[in-house]
Structures are given as C-alpha cells and as structure tokens.
Amino acid sequence: GEQVEQLPSILRVQERSSASINCTYENSASNYFPWYKQEPGENPKLIIDIRSNMERKQIQGLIVLLDKKAKRFSLHITDTQPADSAMYFCAASGSGGSNYKLTFGKGTLLTVTP
Amino acid sequence: NSKVIQTPRYLVKGQGQKAKMRCIPEKGHPVVFWYQQNKNNEFKFLINFQNQEVLQQIDMTEKRFSAECPSNSPCSLEIQSSEAGDSALYLCASSLEDTQYFGPGTRLLVL
C-alpha cells in the first residue's frame with residue numbers, strides 16, 4: 001500500500017534559523033500533499049498544502065516544494081520562532097479527490113530554542 | 001480553523017465494553033474520515049463516508065467497529081468490544097474537495 005517516509009523524526013533549531021522536513025511517497029498517482037502542525041493535546045491543523053500541478057508554494061514563512069519525478073516533497077520553515085515548536089506531519093492522498101484517505105508520515109518533533 | 005465537532009473529548013472504558021464517539025462535519029462537507037492516532041503519534045485510516053455511504057474502510061473497522069453517517073444526525077464510530085490496544089486519539093475530519101480539516105478528537109482510554 002501507500003507509504004510516506006518522513007525525516008528527520010527529531011529536529012532542533014535555534015530561533016530565527018530555518019527548519020526543513022523531507023517526505024517521500026510511493027504512489028505516483030498521489031496528487032495532493034498537505035502538511036499539518038500538531039501541538040501537545042491538540043488536533044492536527046493544516047498549515048500548508050501543495051497539489052501535483054505545482055512545484056513550489058509559499059505562505060508567509062512556510063515554503064513547500066514538490067519533486068514529482070523523485071516522489072519527494074518538503075516543508076521549509078524560515079525565520080523560526082519558539083511558537084513553531086510542535087509535531088509536524090506530512091501526508092499524501094492516494095489518488096486525489098475528496099474521497100481518498102490521507103497517508104501520513106510518522107512526524108517530526110521540531111523544537112525551536114531561543 | 002476547523003469547524004468539525006467531536007464528542008466526547010474523553011472516553012474511558014473497560015475491556016469488552018462498547019465505546020461510541022460522534023462527529024459533526026463542517027457544514028457543506030460531504031466527505032467524512034475517521035483516523036486513529038496512537039501513542040506513538042502514528043495515524044491509521046479507519047473509514048470514510050461520502051454523504052451516508054461508506055467509501056473505504058480497513059479490515060479492522062469492518063470486523064470490530066460500527067460506523068455510520070446518517071443524514072441530519074452526527075456521524076458515529078463505535079468499537080463493539082474495546083481492547084487495550086484501542087486506546088488512542090480518534091480523529092474525525094471532513095472535506096469538501098481534497099483538503100481535510102480535523103476535529104478536536106476523542107481520546108479513548110481502555111482500562
């Protein structure tokens with residue numbers, strides 16, 4: 001079945017530096033790739049997503065890149081702040097469309113130190 | 001921000017007991033998903049519905065869970081006979097197109 005690999009599992013950066021998380025997927029038919037941020041005791045919140053018709057998307061300090069040939073996508077958080085500390089999950093939808101499940105990576109615990 | 005409502009927020013059951021949780025999807029979202037997030041933060045897809053019909057479900061859900069999404073009523077997910085390994089966060093998400101928005105979850109503890 002579909003698998004999504006996410007690395008690193010733990011990431012520690014200093015405030016104001018960049019943080020990068022990488023994911024790879026198996027199913028070449030996947031065409032939707034969201035990123036969720038989850039704080040302790042909370043639900044996952046969508047922070048940015050990218051579809052297969054794009055290679056790059058930016059929302060303020062969040063950048064996502066998609067390389068369909070390599071089946072790889074990544075999240076880059078620029079100018080990190082302590083409030084960015086959380087679990088981050090990448091996901092891929094099996095075949096796109098509203099009726100397909102998300103397959104999640106195992107998460108990255110990001111800690112931003114002052 | 002997600003407008004998906006889930007109840008109860010916490011549920012404690014003994015082994016062998018039924019455990020039922022509910023979800024009200026965001027208005028206008030025809031597709032509802034249930035996921036299980038275990039203590040290692042791993043997500044497992046359980047089942048999804050479009051309107052009242054099941055689209056996909058995994059084996060475990062078919063054998064051990066009862067789920068429905070009636071019109072004009074909350075969706076529900078019920079474990080027929082709880083096991084210790086069912087202790088997890090159960091997340092409901094709804095979607096209009098491909099973007100899924102999660103509710104706050106029901107945290108189940110099976111003693």
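Chain naming here is simple, since letters A, B, ... match the order of the sequence lines and numbering starts at 1 in each.
Proximity to chain B at a heavy-atom threshold of 4.5 Å picks out A/Pro44, A/Leu46, A/Asp49, A/Arg51 from residues 44-83 of chain A, in numerical order. Using a 4.5 Å cut-off between non-hydrogen atoms, the part of residues 104-113 of chain A that approaches chain B consists of A/Phe104, A/Lys106.
In terms of hydrophobic clustering, with Ile, Leu, Val, Met, Phe, Trp and Tyr side chains grouped at heavy-atom distances under 4.5 Å, A/Tyr88 and B/Phe43 are assigned to different clusters. Transitive grouping of hydrophobic side chains (ILVMFWY, heavy atoms separated by less than 4.5 Å) keeps B/Ile5 and B/Leu96 in distinct clusters. Taking hydrophobic clusters as Ile, Leu, Val, Met, Phe, Trp and Tyr residues chained together by side-chain heavy-atom distances below 4.5 Å, B/Leu77 does not share a cluster with B/Leu109. B/Leu46 is connected to A/Phe89 through a chain of hydrophobic side-chain contacts under 4.5 Å among Ile, Leu, Val, Met, Phe, Trp and Tyr, so both are in one cluster. Neither A/Tyr25 nor B/Tyr35 shares a network with the other; the hydrophobic side chains, linked directly or stepwise wherever heavy atoms of I, L, V, M, F, W or Y lie under 4.5 Å apart, form separate groups for each.
No part of B/Gln6 comes within reach of chain A, as not one of its non-hydrogen atoms sits under 4.5 angstrom from that chain. Of the atoms belonging to B/Phe49, not a single heavy atom falls under 4.5 Å from chain A.
The two residues B/Asn41 and A/Met87 make their nearest non-hydrogen contact at ND2-CE, 3.9 Å.
For B/Tyr101, the OH atom is loosely surrounded, since the number of other residues' heavy atoms within 6.0 Å does not exceed 12. Within 6.0 Å of CZ in B/Arg64 there are more than 12 heavy atoms belonging to other residues, nucleotides or ligands.
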* Asked: Checking side chain to side chain contact (heavy atoms under 4.5 Å, CB included) for the pair A/Leu102/B/Phe33: CA distance, chi angles, key distance, verdict?
  -> CA-CA 9 Å; A/Leu102 290 174; B/Phe33 300 78; over 6 Å; no

* Asked: Can you list the steps and then say if A/Tyr32 with B/Thr99 is a side chain to side chain contact (heavy atoms under 4.5 Å, CB included)?
  -> CA-CA 9 Å; A/Tyr32 176 65; B/Thr99 305; 3.1 Å; yes

* Asked: B/Gln100 and A/Tyr36: side chain to side chain contact (heavy atoms under 4.5 Å, CB included), yes or no, with the steps?
  -> CA-CA 10 Å; B/Gln100 294 183 29; A/Tyr36 290 87; 3.7 Å; yes

* Should B/Leu89 and A/Gln38 be marked as a side chain to side chain contact (heavy atoms under 4.5 Å, CB included) after you check the CA-CA gap, both sets of side-chain angles, and the distance that decides it? -> CA-CA 13 Å; B/Leu89 179 66; A/Gln38 187 175 24; 4.1 Å; yes

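Chain A forms the most heavy-atom pairs under 4.5 Å with one residue out of B/Glu42, B/His29, B/Gln37, and that residue is B/Gln37.
Judged by distance alone, with hydrogens and angles left aside, the side-chain atoms of A/Asn43 form a donor-acceptor pair with the main-chain N or O of B/Phe102 at under 3.5 Å.
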